[in-house]
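A quick write-up on the structure given underneath.
As a basis for the values below, the full set of heavy atoms in this structure was taken, side chains included, without hydrogen atoms, waters or symmetry mates.
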Amino acid sequence: MSTEAATTNFQSSDFQPVAQPPDFRPEVTVSPHDGLRFWQFMIAGSIAGCVEHMAMFPVDTVKTHMQALGSCPIKSVGIRHALRSILKSEGVPGLYRGIGAMGLGAGPAHAVYFSVYEVCKKYFSGGDPNNSGAHAVSGVFATVASDAVFTPMDMVKQRLQLGTSATYRGVLDCVRRVLKEEGFGAFYASYRTTVVMNAPFTAVHFATYEAAKRGLIEISAESASDERVIVHATAGALAGASAAVVTTPLDVVKTQLQCQGVCGCDRFKSSSISDVIKTIVKKDGYKGLMRGWIPRMFFHAPAAAICWSTYEAAKTFFQELNASAESGSVT
């Protein structure tokens with residue numbers, strides 16, 4: 001009662017309310033989706049792609065040799081035989097032939113890959129983190145865009161992996177000779193196959209990753225923030241291994257198309273997927289369609305673990321950077 005009386009005594013018609021300035025609301029251009037800008041998704045994806053492919057490049061070289069059929073000096077029989085043949089013919093440097101082409105292609109391609117995925121995921125999911133269908137469809141859109149960037153350098157990379165120093169002197173020599181001898185279309189001879197392969201690969205990959213990540217977080221929700229690297233790596237490994245095994249036959253077809261005519265490998269009259277499959281089955285049986293599935297799985301499981309944990313770490317860095325910048329502008 002005394003408080004109300006005191007308040008009433010101070011009220012007077014002589015005092016008019018003073019207009020208060022509007023609340024200061026700094027303009028924030030950050031997308032609400034994970035709090036990152038589009039270019040930050042691109043940088044995070046580019047870093048993740050480069051780290052992933054550089055770390056796993058020797059395994060990819062062995063897989064390429066196993067999948068390339070024909071009269072190449074290195075016969076694609078098994079992991080041990082392919083590895084021993086590479087080391088015998090060129091030593092340890094032979095495992096890294098073509099890594100320059102990979103470096104040129106992986107960064108830009110993964111920048112496109114992850115940024116398109118994040119934009120599509122935001123659009124299709126409607127904010128629902130459990131929408132596996134949206135994750136799968138977003139992955140398909142991401143791979144169609146990124147493969148257009150990556151396919152030419154992937155072709156150069158695989159030709160360098162199969163050849164010797166006498167076949168191609170390097171990335172520029174390979175690009176120049178392919179343009180001169182086969183034309184620009186040779187760089188995209190496997191694009192259709194790559195998209196057909198990577199569409200189900202990324203659909204399985206992203207849907208599995210998001211589901212596995214969500215499941216792992218729910219198992220130990222109280223320590224999820226402390227163990228997020230382990231969560232991302234484990235979910236990525238499961239997603240990469242599952243998608244790799246499912247799409248191995250199409251990866252064999254892609255390798256055949258990209259390496260045709262190199263080092264005695266078969267050359268095809270057309271880039272038809274069915275024609276290449278018939279040739280592989282006729283020459284090596286149905287088991288030929290699964291050549292390299294073990295090194296492919298060994299590549300994609302740790303590669304996806306490295307890629308996703310690196311990508312999520314980069315996203316976290318940018319999120320903290322944006323938060324500190326926003327709080328600084330407010331103060």
Does CZ in F298 sit with more than 12 non-hydrogen atoms of other residues, nucleotides or ligands closer than 6.0 Å?
no
For residues 107-116, which residue pairs qualify under salt bridge (charged side-chain N to carboxylate O under 4.0 Å, His left out), counting only residues two or more places apart or in two chains?
none
List the steps and the verdict of side chain to side chain contact (heavy atoms under 4.5 Å, CB included) for F187 and V175.
CA-CA 9 Å; F187 291 103; V175 171; 3.9 Å; yes
Side chains of D60 and K63 in contact at under 4.5 Å (non-hydrogen atoms)
yes
If you compare all heavy atoms of V178 against all heavy atoms of A186, which two are closest, and at what distance to 0.1 Å?
CG1-CB, 3.7 Å
Members besides F201 in its Ile/Leu/Val/Met/Phe/Trp/Tyr cluster (side-chain heavy atoms under 4.5 Å)
none
Do T194 and N198 get their side chains close enough for a donor-acceptor pair, meaning under 3.5 Å?
no
Could you check whether any side-chain heavy atom of Q40 comes within less than 4.5 Å of a side-chain heavy atom of E118, counting everything from C-beta outward?
no
Pairs flagged by ring-ring contact (aromatic ring centres under 6.0 Å, His included) wherever residues 94-116 is involved - sequence neighbours left out
H53-H110, H110-Y113, Y113-F206, F114-W308, F114-Y311
Single-linkage hydrophobic cluster, 4.5 Å side-chain cutoff, W293 and L83 together
yes
For L95, does its backbone N or O pair with a side-chain atom of T61 as donor and acceptor, under 3.5 Å?
yes
Do S190 and M155 have side chains that get closer than 4.5 Å, going by heavy atoms?
no
Side-chain donor/acceptor of T143 to backbone N/O of V140, under 3.5 Å
no
Side-chain touch T247/D251, heavy atoms, less than 4.5 angstrom
no
Does any part of the side chain of T255, heavy atoms only, come nearer than 4.5 Å to the side chain of Q158, both counted from C-beta?
yes
Are the charged groups of E182 and R159 less than 4.0 angstrom apart, N to O?
yes
Hey, are the side chains of N131 and F124 touching, using non-hydrogen atoms and a 4.5 Å cut-off?
no
Look only at the side chain of S309 and the backbone of I306, and say whether a donor-acceptor pair between them is shorter than 3.5 Å.
yes
Between Q161 and the options T64, I99, V156, the side-chain contact (heavy atoms from CB on, under 4.5 Å) test singles out T64
For the pair F57 and R97, evaluate side chain to side chain contact (heavy atoms under 4.5 Å, CB included) and give the outcome as yes or no after the intermediate values.
CA-CA 9 Å; F57 195 82; R97 279 188 57 81; 5.8 Å; no
Heavy-atom side-chain proximity of N322 to R37 below 4.5 angstrom
yes
Ring geometry between F318 and W39 (parallel below 30°, tilted from 30 to 60°, perpendicular above 60°)
perpendicular
Could you check if a side-chain atom of Y209 sits within less than 4.5 angstrom of a side-chain atom of H135, using non-hydrogen atoms only?
no
When you group the ILVMFWY residues by side-chain heavy-atom contacts below 4.5 Å and let the links chain together, are I273 and V252 in the same group?
yes
For A55 and P58, work out which heavy atoms get closest and say how close.
O-CD, 4.1 Å
Return yes if some donor-acceptor pair links the side-chain N/O of S324 with the main-chain N/O of E320 below 3.5 Å, else return no.
yes
